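Remarks on the structure that follows.
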Amino acid sequence: MRIGAHVRQDSDPIGFGERLGAEVIQMFVVDPQSWDKPQPHPQAEQIKASPIDVVVHSSYQINVASTNNRLRMPSRNAVALQAQAAADLGAFGLVVHGGHVRSDAEREAGIVNWGKLFSRQQDKGGFAVPILVENTAGGNHAMARHFDSIARLWDEIGDYGAGFCLDTCHAWAGGEELIGVVERIRAITGRIDLVHLNSSRDDFDSGADRHANFADGTIDPQLLAEVCRTADAPVVLETPADGVADDLAYLREHVG
């Protein structure tokens with residue numbers, strides 16, 4: 001079992017991981033609020049040579065489900081570019097949020113747009129690393145908030161080898177019970193490639209994407225430890241920085 005955290009010091013990602021004793025780190029390859037194109041990382045060789053595994057999180061504005069061409073087209077391009085940048089660092093995947101559409105009437109179009117992301121890239125030789133679709137916390141027209149929506153999405157993209165990232169805060173805030181969550185999502189996707197193990201500042205089914213440390217959140221830490229124990233996947237904490245070391249210590253104590 002490989003456990004680690006999201007890097008908040010992009011200038012020295014491996015150093016951050018080493019100080020935490022992490023086996024895996026998650027990092028960005030661009031400013032997450034921008035449409036910037038990734039640039040070569042100055043520590044690429046150190047990152048690739050490190051025994052710490054790396055996964056990349058895509059920038060936040062990406063929404064490949066959108067029916068708006070001015071958002072969807074740059075989103076597709078950004079996924080391809082960031083996947084290549086992830087490969088250049090030796091990363092095992094690129095995490096991409098499920099995205100959303102503007103109305104229920106557009107939901108099927110959003111699903112189809114996800115399929116087009118993969119089918120069109122397949123014609124170009126595929127993505128440089130696996131794309132790990134992440135469940136999201138809010139939005140009434142989200143592609144990956146509720147598990148029934150994820151099932152429909154997987155009907156469209158599962159055959160392309162799409163991976164899945166399970167975020168516990170997002171599932172909880174999105175209205176999905178965490179008891180048995182690993183078995184339920186694996187029954188839909190056939191896989192869990194990464195876990196974002198986060199508590200939530202808000203109540204169940206709040207729709208709010210606000211992470212909390214284990215000691216401060218609304219999710220029973222024992223439930224989080226059980227997800228970690230049963231997922232059989234790398235685990236990344238995205239909890240607030242001041243408490244992330246305590247969260248890692250809790251997991252190492254409670255996950256055998």
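What you see is a predicted model, and the numbers here were worked out from it, not measured in a lab.
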Problem - Whether over 12 other heavy atoms sit under 6.0 Å from Asp242 CG - result: no
Practice task
Determine, stepwise, if the pair Asp167 / Asn198 fulfils side-chain contact (heavy atoms from CB on, under 4.5 Å).
Solution key: CA-CA 7 Å; Asp167 188 302; Asn198 305 308; 3.2 Å; yes
Exercise for the section: Nearest 0.5 Å please: distance from the CD1 atom of Ile25 over to the CE atom of Met27. Expected result: 6.0 Å
Practice task
Give a yes or no on this: more than 12 heavy atoms of other residues, nucleotides or ligands lie within 6.0 Å of atom CG of Asp159.
Solution key: no
Problem - Arg120/Asp123 ion pair, N-O < 4.0 Å - result: no
Practice task
Over 60° means perpendicular and under 30° means parallel, so classify the ring planes of Trp172 and Phe204, tilted if in between.
Solution key: perpendicular
Exercise for the section: Compare all side-chain heavy atoms of Val54 with those of Val24 and state whether any distance is below 4.5 angstrom. Expected result: no
Problem - Option passing side-chain contact (heavy atoms from CB on, under 4.5 Å) with Val29 (candidates Leu94, Leu89, Leu81) - result: Leu89
Exercise for the section: Using a 4.5 Å cut-off on heavy atoms from C-beta on, say whether the side chain of Ser59 contacts that of Phe28. Expected result: no
Handout entry: Shared hydrophobic cluster for Ile219 and Val236 (ILVMFWY, side-chain gaps under 4.5 Å)
Key = no
Exercise for the section: Mind jotting down which residue pairs meet the salt bridge (charged side-chain N to carboxylate O under 4.0 Å, His left out) criterion with at least one end in residues 52-66? Sequence neighbours excluded, please. Expected result: Arg2-Asp53
Handout entry: OH-CG distance between Tyr250 and Leu197, expressed to the nearest 0.5 angstrom
Key = 10.0 Å
Problem - Atom pair NE2/OG1 of His196 and Thr168 - distance to nearest 0.5 Å - result: 9.5 Å
Exercise for the section: Please answer whether the main-chain N or O of Ala144 pairs with a side-chain N or O of Ser149 as donor and acceptor at a distance below 3.5 Å. Expected result: no
Problem - Atom pair CG/CG of Leu132 and Asp193 - distance to nearest 0.5 Å - result: 5.0 Å
Practice task
Indicate yes or no: does Asp12 engage Arg19 in a salt bridge with an N to O separation below 4.0 Å.
Solution key: yes
Practice task
Please confirm whether the backbone N or O of Cys169 pairs with a side-chain atom of Ser200, one donor and one acceptor, at under 3.5 Å?
Solution key: no
Exercise for the section: For residues His211 and His170, determine if any side-chain heavy atom of one lies less than 4.5 Å from a side-chain heavy atom of the other. Expected result: yes
Practice task
Please check if Ile3 and Ile52 belong to a single hydrophobic cluster, counting links between Ile, Leu, Val, Met, Phe, Trp and Tyr side chain heavy atoms closer than 4.5 Å.
Solution key: yes
Exercise for the section: May I ask you to decide whether Arg184 forms a salt bridge with Glu177, counting only side-chain N to carboxylate O separations under 4.0 Å? Expected result: no
Problem - Glu183, CD atom: more than 12 neighbouring heavy atoms under 6.0 Å - result: yes
Exercise for the section: Following the transitive rule for hydrophobic clusters with a side-chain heavy-atom cut-off under 4.5 Å over Ile, Leu, Val, Met, Phe, Trp and Tyr, establish whether Leu166 and Phe92 coincide in one cluster. Expected result: no
Exercise for the section: Taking the side chain as every heavy atom from C-beta outward, state whether Phe147 and Val181 have any atom pair closer than 4.5 Å. Expected result: yes
Exercise for the section: Look only at the side chain of Gln26 and the backbone of Ala5, and say whether a donor-acceptor pair between them is shorter than 3.5 Å. Expected result: no
Handout entry: Parallel, tilted or perpendicular: rings of Tyr60 and His97 (30°, 60°)
Key = parallel
Practice task
With the side chain counted from C-beta on, respond yes when Asp232 and Arg186 share a heavy-atom pair under 4.5 Å apart, and no when they do not.
Solution key: yes
Handout entry: Pairs meeting criterion salt bridge (charged side-chain N to carboxylate O under 4.0 Å, His left out) with involvement of residues 60-81, two or more places apart
Key = none
Practice task
Verify the distance criterion only: is there a donor paired with an acceptor across the side chains of His41 and Asp88 at less than 3.5 Å?
Solution key: no
Exercise for the section: May I have all residue pairs that pass salt bridge (charged side-chain N to carboxylate O under 4.0 Å, His left out) and include part of residues 129-148, sequence neighbours excluded? Expected result: Arg145-Asp205
Exercise for the section: With the side chain counted from C-beta on, respond yes when Asp246 and Asn213 share a heavy-atom pair under 4.5 Å apart, and no when they do not. Expected result: no
Problem - CD1-CZ distance between Ile188 and Phe164, expressed to the nearest 0.5 angstrom - result: 8.0 Å
Exercise for the section: Start with the C-alpha gap between Arg102 and Thr67, add the side-chain angles, then the distance that decides, and say whether side-chain contact (heavy atoms from CB on, under 4.5 Å) holds. Expected result: CA-CA 8 Å; Arg102 295 171 293 191; Thr67 57; 2.9 Å; yes
Exercise for the section: Working to the nearest 0.5 Å, report the span between CG of Asn69 and OG of Ser66. Expected result: 8.0 Å
